[in-house]
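These notes are about the structure you will find just below.
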Amino acid sequence: SMINVTKTYLGDINKFKTYVEGIYARGWLTNHGPLVCELQERLKAFLGVKHVLLTNNGTLALQVAYRALGLSGSAVTTPFSFVATSSSLQWEGIRPIFADIDSRTWNISPDHIESRIVSDTTAIVGTHVFGNPCAVERIEQIARKHQLKTVYDGAHAFGVRHAGQSVLTWGDISTLSFHATKLFHTIEGGAIITNDDELARRVYLLCNFGIADTDKIDGLGINAKLNEFSAAMGLCILDDIDSIFEQRAEIAHRYQSRLGDYVDFQQATPNSELNNSYFPIGLHSEQQLLRVRTALNNKGINPRRYFYPSLDTLEYLQPQAAQSASRALSQRVLCLPIYPGLAHDDQDKIIDTLITECSLGPISFKDTAFAQVI
């Protein structure tokens, strides 16, 4: 069978069935049910954050975040991210302006942000790419200086810590995705994280049509609530989360220890503990990437290109200045399979195929600009 870039972790089916039996017994399927409330409380404790508001996907989490912060005009954001980071801004009538990335960490570069701010800019929207924390301290300084809001797309950053605390505590709001492809998931789902009580209250209303109580509607809202079946899945997976992190770390270490001479790795942000949510490698060129991908496909292995194309090339976001570091990186990054249960033999097949392909080409130098992460 095909080895894909990820495989959804499903947890204990009997435990899930027990939760489902409880849902059947109560007849309470959605609208802030007991399992949603329990999952919110457990996630607050696990992540070490003040407010967790569950949503029915990670894209709506971003859209609600922008609304809760009253964003308008434009936002400076990264071109090297999943499309939802930018499309959600555009969808909400906020113009994305791209600032180029740091070619070592692969995140939005503070050195580029300031020059991209214009008169109607209201926010900086960064992505912790592959769970690697943005330069949050410097971004915070820029935001303060220009009186901008900060939103972090933390779709990949579940459980990631920076400077001794959850990376999700930075920014006015951080969002999570709990899509089935993520290391922690609720089938479909997401969350909004904030330290601000008033923002949390606004988010709650925005996710529930603005309904404050049975007879009162307090402003505009949409429906972004999570259901009980999804929360049940989340509770099952949260029970196994330590094992999930351990298995991912072991797989990542195996890749790192054997591939360091052949490919580039994303450089970890200092003072951070990562979650190995993905295993991206940088090849020397798009030509080499395509050759490696074909060789892996021929052996029943399906790696994926994240993130391609660079978002500054998207037709519906033009005109945009070309972001050269992001465009160059997007042409050479490939994510390798990483998930609990990936067999050693299969991983070795992936590694051996890569070494063979990377040893072929005209290029065998190791670019010193890309420090190794071990």
Side-chain angles (χ1 to χ4, degrees), residues 1-10 57-59 78-87 101 105-107 127-132 153-158 176-185 187-188 244 247-248 251-252 254-256 258-259 262-266 274-314 326-343 346-358 370 373:
S1 65
M2 185 64 108
I3 298 165
N4 287 313
V5 70
T6 190
K7 180 180 178 183
T8 300
Y9 184 87
L10 281 166
N57 64 60
T59 305
T78 176
F80 191 71
S81 181
F82 184 60
V83 64
T85 313
S86 287
S87 61
I101 59 168
T105 66
W106 304 356
N107 288 325
T127 298
H128 302 306
V129 173
F130 302 129
N132 194 25
D153 181 340
H156 307 159
F158 186 87
L176 285 167
S177 166
F178 298 152
H179 185 266
T181 53
K182 300 297 185 283
L183 67 84
F184 171 83
H185 74 93
I187 308 167
E188 287 267 11
I244 291 169
Q247 291 181 67
R248 286 177 167 275
I251 294 165
R254 200 176 177 90
Y255 278 136
Q256 281 161 348
R258 292 197 55 202
L259 291 175
Y262 302 94
V263 300
D264 299 325
F265 296 135
Q266 180 184 25
L274 306 184
N275 62 7
N276 303 296
S277 51
Y278 296 80
F279 197 87
I281 57 170
L283 295 154
H284 288 293
S285 63
E286 187 166 35
Q287 185 187 359
Q288 190 186 48
L289 180 148
L290 295 172
R291 198 173 69 200
V292 162
R293 183 172 71 173
T294 300
L296 288 168
N297 287 164
N298 290 341
K299 296 193 175 172
I301 298 152
N302 189 23
R304 280 278 306 277
R305 299 185 75 173
Y306 298 125
F307 292 100
Y308 181 85
S310 181
L311 299 177
D312 60 308
T313 65
L314 293 184
S326 177
R327 289 188 184 194
L329 186 68
S330 73
Q331 291 184 326
R332 58 187 203 86
V333 168
L334 194 65
C335 282
L336 302 181
I338 183 169
Y339 50 82
L342 177 64
D346 289 332
Q347 192 180 1
D348 287 340
K349 184 163 73 168
I350 295 163
I351 291 167
D352 294 338
T353 305
L354 259 159
I355 290 174
T356 303
E357 289 302 315
C358 291
F370 294 87
V373 190

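These figures come from a predicted structure and were not determined experimentally. Atom set for the values below is all heavy atoms of this structure, side chains included, hydrogens, waters and symmetry mates excluded.
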So, the side chain of [X] versus the backbone of [Y]: is there a donor-acceptor pair under 3.5 Å, distance only?
X    : Y    : result
D312 : P79  : no
D346 : I3   : no
Q288 : H284 : yes
S87  : V83  : yes

Could you check whether [Y] and [X], counting side-chain N and O atoms only, form a donor-acceptor pair closer than 3.5 Å?
X    : Y    : result
H179 : T181 : yes
T85  : D153 : yes
S330 : S310 : no

For the student: nearest non-hydrogen atoms of [X] and [Y], plus distance:
X    : Y    : result
Q266 : P280 : OE1-CG, 4.1 Å
T78  : S86  : O-OG, 4.3 Å
I244 : P340 : CG2-CG, 4.1 Å
I351 : R254 : CD1-O, 3.9 Å
P337 : I301 : CG-CG2, 3.9 Å
P303 : L296 : CG-CD1, 3.8 Å

Salt bridge E286-R305, side-chain N to carboxylate O under 4.0 Å: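 Salt bridge flag = yes for R305 with E286.
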
Separation of [Y] [atom2] from [X] [atom1] (nearest 0.5 Å):
X    : Y    : atom1 : atom2 : value
L342 : T6   : CG    : OG1   : 10.0 Å
I251 : I338 : CD1   : CD1   : 5.5 Å
T353 : L336 : OG1   : CG    : 10.5 Å
I101 : R327 : CD1   : CZ    : 12.0 Å
N276 : Y255 : CG    : OH    : 11.5 Å
H128 : S81  : NE2   : OG    : 11.0 Å

ring-ring contact (aromatic ring centres under 6.0 Å, His included), that's the test. Do F80 and Y308 meet it? Break it down for me. CA-CA 8 Å; F80 191 71; Y308 181 85; over 10 Å; no

Are side-chain heavy atoms of [X] and [Y] found at a separation under 4.5 Å?
X    : Y    : result
W106 : L329 : yes
V333 : F307 : no
R304 : L334 : no
L283 : R291 : no
L289 : Q331 : no
T356 : V292 : no
Q256 : F279 : yes
L354 : I281 : yes

Aromatic ring proximity, centroids under 6.0 angstrom, Y339 and Y9: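 Ring-ring flag for Y9/Y339: false, centres at least 6.0 Å apart.
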
Can you check whether F178 and F184 have ring centres sitting under 6.0 Å from each other?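 Centroid separation for F178 and F184: below 6.0 Å.
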
Test Y306 against V5 for side chain to side chain contact (heavy atoms under 4.5 Å, CB included), laying out the working first. CA-CA 11 Å; Y306 298 125; V5 70; 3.8 Å; yes

Within the supplied structure, the quantity of interest is the number of heavy atoms (other residues, nucleotides, ligands) at a distance under 6.0 Å from K7 NZ; does it exceed 12? no

Do D352 and R258 pass the side chain to side chain contact (heavy atoms under 4.5 Å, CB included) test, and can you show the C-alpha distance, the side-chain angles, and the key distance before you say yes or no? CA-CA 9 Å; D352 294 338; R258 292 197 55 202; 2.8 Å; yes

What class does the angle between the rings of H156 and F130 fall in, given that below 30° is parallel, 30 to 60° is tilted and above 60° is perpendicular? parallel

